[in-house]
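Naming convention: chains lettered A, B, ... in sequence-line order (proteins, then strands); numbering from 1 in each chain. Values below: all heavy atoms of this structure, side chains included; hydrogens, waters and symmetry mates excluded.
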Amino acid sequence: MQPDDLQLLQWFNQPETREKGYTAIIHKYQQPLYWHIRRLVISHADADDVLQNVLLKVWKGLDSFREESNLYTWLYRIATNESLSFLAKEQRRGGFNLDDEYVNPAMVDKLQAEPYFNEAQIEWKLQSAIQQLPEKQRLVFNMRYFDEMSYQTMSEVLQTSEGALKASYHHAVKKIAEAMKQL
Amino acid sequence: MEEKHYIEQELQVLAPELIGLSSKMPFSIPEAYFTNLADRIKESTDSTLPVGAMGNGRPFSVPDNYFQELSGKIKERTSAIESKSGSPIFSIGIVKWMPYAAAAVLGGIIVYTAFLFNNSSNPSLQMQPAVEYTAMENPVPSHTTLTPDNEVYKAIAQKMKGISDEEMNTYLEETVSSETTEWIPEEMN
C-alpha cells in the first residue's frame with residue numbers, strides 16, 4: 001500500500017528521510033504524471049524529458065510547497081505547465097494560452113510516427129481524433145476521460161473556472177464523436 | 001471510482017459511443033522504464049541539491065590529469081609567444097617602477113603626518129568637548145556680577161588686601177594678556 005501524501009511530505013521535510021520521501025513520491029506519481037505528459041507531447045523521448053524536468057522542479061520546489069494544497073494537484077499543475085511550455089517552445093510560440101483555439105498541426109504527424117501506430121485500431125482512432133482538438137480542449141478531455149479527474153480538481157490544476165472546463169469538455173466530446181465517424 | 005460514474009453519465013448525454021471505448025494507451029514505452037526512473041532522477045538531483053544539503057565539496061569536475069598537465073601547457077604557450085615576439089612577455093621589470101612607488105608612499109606619509117599634526121595643535125572649537133565650549137562662552141557664571149556688594153568681589157578683595165597696586169600691575173603685565181583683561185570689570189582693572 002502506498003503511503004499517503006501527508007506521510008510523504010513529512011519524510012521529505014526531515015533531512016534524514018528526505019531522499020526516502022522523494023523516492024516514494026516518484027514511485028507513487030511517476031505513472032500518472034508520465035501518461036498525462038505523454039498524452040500531451042505524444043513521443044516517449046519528449047515525455048521522458050518533460051517528466052525529468054517536472055521531477056527536478058518538484059525536488060527544488062517541494063520545500064516551498066504549502067501543505068494546505070493538495071500534492072497531487074500541485075504535481076499535475078507542474079506537469080501540465082511543463083508539457084504546455086514544451087509544446088509552445090516546439091512550435092516557437094510565445095507561450096500557451098488556455099483561451100486560444102489553436103490546433104497544433106504537428107500532433108497528428110507525431111502520432112502517426114509512433115512505432116505501433118495502426119489507424120485501424122480503435123485506441124489509435126481515438127488518439128487521432130483527440131490530436132485534432134485545440135490544445136485547451138485536448139488537455140481538458142485527457143484529464144477528464146483518461147485521468148477521471150473531477151472538474152473541481154481540474155479547476156485547481158488549471159486555475160480555470162469549472163464552468164469553462166465543462167464547456168471545453170463538452171465541445172471536445174462532440175468534436176471527437178464527429179471525428180471518429182470520419183476516421 | 002465515483003467520478004467514473006459521473007463521467008459515464010455525462011457521456012451518455014453527449015456522445016454515448018465514447019462510453020466503453022478502451023481507455024488503454026496505445027503508446028509504447030521502453031521496458032523497465034518506470035523501474036529505473038527514480039534512480040535516474042536521483043542521479044540528476046545529486047548535482048542540484050539544495051544549498052542546505054550541500055557539503056563543502058566542489059560540484060565541478062575537471063578532466064583527468066588536468067592540473068598535472070597545466071603547467072606544461074602554459075609553458076608551451078608562453079614560450080611560443082616569446083619566440084614570436086623575440087622579447088620576454090613581461091617587459092616591465094620590478095626595478096623600474098619600484099623607486100616611483102617608494103617616493104609616492106613616502107610623500108603620502110609626510111602629507112598625512114603634517115595633516116595630523118596641524119589638526120592636533122589647533123583643535124577647532126567644534127571638535128572640543130561640549131563642556132569646554134560652554135566654559136569658553138561663559139567664562140564667568142551668568143548669575144555672578146562683580147559689584148562692590150557682591151560676595152565674590154568681597155572675598156577676592158579680602159584676599160588681595162596685602163598686595164600693593166604696584167605688585168598687582170606687575171603681575172598682570174607679566175601674566176595676563178590684553179584680551180583677557182577685557183573680561184575684568186573696571187573696578188578691578
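- For A:Gln52, the parts sitting under 4.5 Å from any heavy atom of chain B are the backbone and the side chain alike.
- For A:Ser155 (side chain) and A:Thr160 (main-chain N/O), a donor-acceptor pair under 3.5 Å exists by modelled atom type.
- For the pair B:Lys42 and A:Tyr22, the NZ or CZ position fails the cation-pi test of under 6.0 Å to the six-membered ring centre and within 45 degrees of the ring normal.
- For the residue pair A:Tyr76/A:Asn70, the side-chain donor-acceptor check at 3.5 Å is not satisfied.
- Interface residue A:Leu111: only side-chain heavy atoms are found under 4.5 Å from chain B.
- Contact annotation for A:Asn118: neither backbone nor side-chain heavy atoms come within less than 4.5 Å of a heavy atom of chain B.
- If you measure heavy-atom distances from A:Met149 to chain B, the contacts under 4.5 Å come from the backbone alone.
- For A:Lys181, the part lying near chain B is the side chain, with the backbone staying farther off; criterion is any non-hydrogen pair under 4.5 Å.
- Most heavy-atom pairs under 4.5 Å with chain A: of the set B:Leu18, B:Leu11, B:Val13, this distinction falls to B:Leu18.
- Contact of A:Pro15 with chain B is not made at all, since no heavy-atom distance falls under 4.5 Å.
- When heavy atoms are compared at a cutoff of 4.5 Å, A:Gln30 approaches chain B by way of both its backbone and its side chain.
- No donor-acceptor contact under 3.5 angstrom links the side chains of B:Gln12 and B:Glu8, judged on distance only.
- Comparing A:Glu123, A:Arg144, A:Gln121 by heavy-atom pairs within less than 4.5 Å of chain B, the highest count is held by A:Arg144.
- When each of A:Leu126, A:Leu55, A:Asp48 is checked for heavy-atom pairs under 4.5 Å with chain B, A:Asp48 comes out on top.
- Ring centers of A:Phe65 and A:Trp74: under 6.0 Å apart, within the cut-off.
- The nearest pair of heavy atoms linking A:Gln2 to A:Lys28 is NE2-CA, 3.5 Å.
- Side-chain contact of A:His36 with A:Thr80: a donor-acceptor pair under 3.5 Å is present, judged by distance alone.
- Interface remark: of the candidates A:Lys166, A:His170, A:Met180, A:His170 forms the most heavy-atom pairs closer than 4.5 Å to chain B.
- Here the two rings, on B:Tyr33 and A:Tyr34, have centers that are under 6.0 Å apart.
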